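Source: prediction; values computed, not measured. Letters go in sequence order (proteins before strands), and every chain restarts at 1. Note that these values count all heavy atoms, side chains included, but never hydrogens, waters or copies made by symmetry.
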Number of protein chains: 2
Amino acid sequence: MRTRPYEEHVTGGARIEYKVFVPSKKSAPAPGTDRLVDKIREGLFVTYLRNPMVGIDEVARHAGVSTATVSRALSGNGHVSPSTRLKVEASADELGYVVSSTASSLASGRMKNIGVVVPFLNRWFFSSVVEGAQKALLRGGYDLTLYSLTGGEAERRSVFEHFLLRQRVDAVIAISLELTEDEVARLHALQKPLVGIGGPIEGVRTLTVDDVAIARLATEHLLALGHTRIAHIGGNKDLDLDFHLPTNRRVGYEQALAEAGVVPDPALFQAADFTMGGGYQAAKQLLGSPYDRPTAIVAASDEMAIGSILAARDLGLVVPRDVSVIGVDDYDLAEFFGLTTIAQFPQGQGEKAVEILLDRLRPGQNRLSSLNTPMPFELVVRSTTARPGE
Amino acid sequence: MRTRPYEEHVTGGARIEYKVFVPSKKSAPAPGTDRLVDKIREGLFVTYLRNPMVGIDEVARHAGVSTATVSRALSGNGHVSPSTRLKVEASADELGYVVSSTASSLASGRMKNIGVVVPFLNRWFFSSVVEGAQKALLRGGYDLTLYSLTGGEAERRSVFEHFLLRQRVDAVIAISLELTEDEVARLHALQKPLVGIGGPIEGVRTLTVDDVAIARLATEHLLALGHTRIAHIGGNKDLDLDFHLPTNRRVGYEQALAEAGVVPDPALFQAADFTMGGGYQAAKQLLGSPYDRPTAIVAASDEMAIGSILAARDLGLVVPRDVSVIGVDDYDLAEFFGLTTIAQFPQGQGEKAVEILLDRLRPGQNRLSSLNTPMPFELVVRSTTARPGE
DNA sequence: ATGAAAGCGCTAACAG
DNA sequence: CTGTTAGCGCTTTCAT
């Protein structure tokens with residue numbers, strides 16, 4: 001960018017002369033004159049319209065110090081006397097100086113930016129994690145660059161072979177991604193911290209919920225209420241995106257039964273796809289039998305649980321009188337349906353991941369801690385579970 | 001970054017010597033040896049583990065040309081003979097060269113990154129728009145930096161006063177944000193293209209759906225089926241985040257009625273908060289009256305429409321026999337509930353916004369086109385609407 | 001079509 | 001605690 005003319009990037013076609021922002025007190029604003037352009041004419045924006053073009057040297061000159069001091073004062077790296085710091089901050093403020101992140105990054109090697117990779121964005125769990133991460137990053141002054149792998153294999157490759165390698169990010173968070181060895185290798189080659197959420201990845205620091213324990217807790221809740229014919233709606237194996245989540249939840253369910261001395265009945269298991277529609281179908285199947293039907297259902301996700309509730313209603317069964325239902329997630333609609341569930345805290349997971357990363361990024365803090373950090377979960381009892389009818 | 005030691009950033013605590021990646025064919029891999037570390041030892045990764053540290057000059061030397069030529073060949077800016085281009089590309093590939101985005105940005109002024117600002121991420125509409133934008137950006141080689149304003153006023157200010165000004169983005173997409181004049185001014189001061197999705201912002205190029213027309217279409221569908229007692233569940237005024245969306249949809253509803261010679265009955269309007277729970281309450285209210293109850297409901301969102309369906313069921317009414325329901329959005333669960341709705345295409349909106357922006361960013365293409373681009377919508381007839389009972 | 005060289009705007013040794 | 005200065009790794013003019 002040598003001689004890029006100042007006018008080239010004017011937005012929206014409305015050219016505004018930022019340089020003429022001097023309050024013109026003489027002409028009192030006509031009443032009702034509150035359109036943007038008028039306000040600008042009135043100079044009302046003069047205090048906060050900053051010119052992104054002022055550089056560190058102008059600030060230095062204005063404050064009567066060297067650029068190095070300005071850098072130190074504004075970034076907090078290195079020692080500056082309180083008085084100089086104040087001077088510099090005042091100058092920067094007055095001139096509307098904002099550091100150029102590219103220049104800063106090139107010189108320092110820090111990007112103040114982290115990459116977040118998700119399989120989809122359009123699902124409650126993922127968008128919640130991202131939201132949590134975003135919030136935590138903002139607090140730390142970091143940007144979040146999002147990579148959603150929705151577009152299939154080609155897109156995925158492009159992200160891992162290109163985008164993540166551009167030296168754009170200080171670290172990477174991979175959410176619910178079963179990374180291939182190839183991808184892990186690339187990420188390691190980046191020499192940047194990496195944390196996964198959702199399932200152990202070999203050689204990667206990961207946040208996981210204990211899916212076995214979750215399912216066990218859900219089942220135990222039902223057992224404690226007196227149920228013994230407890231069905232389970234879980235996942236089919238080919239739901240690859242979440243590790244062994246379906247399997248683990250099934251194991252937890254069976255463990256709880258076993259501990260209570262109940263023999264799991266294979267007829268009481270149904271596989272579904274973690275959606276409401278899937279849960280609906282599965283539940284219809286389960287609840288169809290009028291004699292030997294289960295008195296309770298443990299669904300591996302809230303969406304499937306809600307589907308089950310709707311299926312029960314359509315069969316003329318009353319929840320929880322005729323059948324109790326418990327889910328996992330505590331998602332958006334769980335409360336509306338009064339669903340008893342095991343809450344996970346995806347926002348918290350996002351925040352935690354960021355916390356770990358920023359900690360790692362802080363110089364000197366090279367603690368490696370454990371490779372696997374367990375995340376909390378919690379039984380939330382609402383109104384879809386009760387003691388079984390006599 | 002002067003003397004940052006190479007080892008400082010090793011990930012996950014597992015130090016791997018990338019330099020020893022020479023295939024050691026002699027020792028045949030022991031059967032079953034497919035752990036990552038072993039594969040690395042076997043040199044299997046040698047072809048695609050790229051060293052992010054190789055610079056443009058190494059490539060230049062390797063290809064026997066100047067760095068300028070490498071830059072031109074790889075970026076596509078400026079002319080390079082086909083043969084040299086090939087040579088350069090081969091060298092880059094072989095050495096695993098990836099341009100440093102910071103250096104490139106600093107020199108060129110282009111960031112290859114655009115900022116996307118959303119009020120929430122955790123809602124179907126927003127995450128869908130973002131997903132669409134992401135996909136389109138990836139195709140164009142751009143990164144997406146996400147700013148979710150979930151955290152309230154302070155966070156919002158921080159984004160507009162700080163993050164967006166760091167010269168990080170080439171352009172900004174603001175989704176469903178009623179920007180203050182202050183914020184618009186700041187964004188304009190950035191001198192970067194800006195497009196809004198969801199509602200006209202003064203002086204900003206915007207993509208909007210015609211909410212009046214949408215509601216009219218929905219209402220006309222019901223009218224055409226023979227309904228005349230048509231209720232509307234809309235929004236209360238203080239749903240500020242979406243411009244005059246609630247009002248506009250109500251206007252469209254009333255227009256359609258008027259055109260059909262039906263006088264809108266104020267008793268047939270209910271305000272709700274666009275959620276399922278809100279729609280449920282509102283519909284109970286509407287459908288509670290046994291005599292004069294509406295035969296159809298136009299809900300301003302699918303979630304409220306689904307709430308209405310559930311309310312109808314709970315009142316013992318059958319949809320669509322006793323009451324027809326139509327929504328707006330065509331969101332996730334619409335299909336499961338068989339909901340007739342007016343589809344919007346949020347992904348398409350995201351893609352379109354990106355398209356406009358990238359077009360603007362292309363040198364020479366300073367066409368300003370219209371300030372307001374209408375987005376498509378479409379009636380999707382499913383099974384919650386039918387002719388009214390006799 | 002290609003090369004030489006001057007920056008882009010900042011940071012961090014190093015010296016004082 | 002502060003200033004001087006040498007880069008960070010590219011892009012782009014200008015000259016050839």
Side-chain angles (χ1 to χ4, degrees), chain A residues 1-6 8 51-61 63-88 91-92 95-112 165-168 170 363, chain B residues 1-6 8 51-61 63-88 91-92 95-112 165-168 170 363:
Chain A
M1 177 163 70
R2 200 65 57 77
T3 54
R4 186 168 297 264
Y6 198 66
E8 198 177 319
N51 180 349
M53 297 318 182
V54 321
I56 199 173
D57 40 2
E58 276 185 67
V59 179
R61 209 176 312 128
V65 296
S66 72
T67 61
T69 300
V70 173
S71 173
R72 284 189 282 249
L74 262 29
S75 73
N77 295 110
H79 290 263
V80 178
S81 80
S83 64
T84 348
R85 153 166 284 119
L86 248 46
K87 255 194 325 202
V88 171
S91 298
L95 299 175
Y97 170 73
V98 177
V99 336
S100 154
S101 65
T102 46
S104 167
S105 292
L106 180 57
S108 71
R110 277 175 251 114
M111 316 295 150
K112 286 290 209 172
L165 304 184
R166 303 204 256 183
Q167 301 281 321
R168 270 267 173 119
D170 291 317
Chain B
M1 178 163 68
R2 200 64 56 80
T3 54
R4 188 169 295 266
Y6 199 65
E8 198 178 322
N51 179 351
M53 296 318 182
V54 320
I56 199 173
D57 42 0
E58 277 185 67
V59 179
R61 207 176 313 128
V65 296
S66 73
T67 60
T69 300
V70 174
S71 173
R72 285 189 280 251
L74 262 28
S75 72
N77 295 111
H79 291 263
V80 177
S81 79
S83 65
T84 353
R85 152 164 286 118
L86 247 47
K87 255 195 326 202
V88 171
S91 297
L95 299 175
Y97 170 73
V98 177
V99 337
S100 154
S101 65
T102 47
S104 167
S105 293
L106 180 57
S108 70
R110 278 174 251 113
M111 314 297 151
K112 286 291 211 170
L165 305 183
R166 302 204 258 184
Q167 303 279 324
R168 272 267 173 120
D170 290 316

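- Residues A:Ser66 and B:Ser71 both approach DNA chain D. Their nearest nucleotides, taken by heavy-atom distance, put A:Ser66 toward the 5′ side.
- In terms of phosphate contacts, A:Ser81 brings a side-chain nitrogen or oxygen within less than 4.0 Å of OP1 or OP2 of D:dT2.
- Of the candidates C:dT2, D:dC1, C:dA13, C:dT2 carries the atom nearest the B:Arg72 side chain, counting heavy atoms from C-beta on.
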Discussion item. Please evaluate residues A:Val88 and A:Val65 with respect to the criterion side-chain contact (heavy atoms from CB on, under 4.5 Å), reporting the C-alpha separation (whole Å), side-chain torsions for both, the decisive distance (0.1 Å), and the verdict.
Written reply: CA-CA 8 Å; A:Val88 171; A:Val65 296; 4.0 Å; yes

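- Taking 4.0 angstrom as the limit, A:Ser104 places a side-chain polar atom (N or O) nearer than this to OP1 or OP2 of C:dT11.
- Contact detail for A:Arg72 and A:Asn77: the closest heavy-atom pair is CG-O, 3.2 Å.
- Across the protein-nucleic acid pair, B:Ile56 atom CD1 and D:dC8 atom P stand 14 Å apart, rounded to whole Å.
- At distances below 3.5 Å, not a single donor-acceptor pair connects side-chain atoms of B:Thr84 with backbone N or O atoms of B:Val80.
- Closest approach to the A:Ala107 side chain among C:dG7, C:dT11, C:dG3 is made by C:dT11 (side chain taken as heavy atoms from C-beta onward).
- Positionally, the nearest nucleotide of DNA chain C for B:Val80 lies more toward the 5' end than for the other of B:Val80 and A:Ser105.
- At the phosphate of C:dG3, OP1 or OP2 sits under 4.0 Å from a side-chain N or O atom of B:Thr69.
- Nearest-nucleotide assignment on DNA chain C puts the 5′-proximal partner with B:Arg85, out of B:Arg85 and B:Ala103.
- One interatomic measurement links the two molecules: CZ of A:Arg110 to P of D:dC8, which rounds to 16 Å at whole-angstrom precision.
- Nearest to the side chain of A:Ala68, among D:dC10, D:dT12, D:dT4, sits D:dT4.
- No engagement by A:Val70 is indicated, since no non-hydrogen atom pair under 4.0 Å with the nucleic acid exists.
- Side-chain contact of B:Thr69 with B:Ser66: a donor-acceptor pair under 3.5 Å is present, judged by distance alone.
- For the side chain to side chain donor-acceptor pair (under 3.5 Å) test, residues two or more places apart in sequence or in another chain that qualify with A:Thr102 are A:Ser100.
- OP1 or OP2 of C:dT2 has at least one side-chain nitrogen or oxygen of B:Thr84 nearer than 4.0 Å.
- The distance from atom CG of B:Leu106 to atom P of C:dC8 is 9 Å, rounded to the nearest whole Å.
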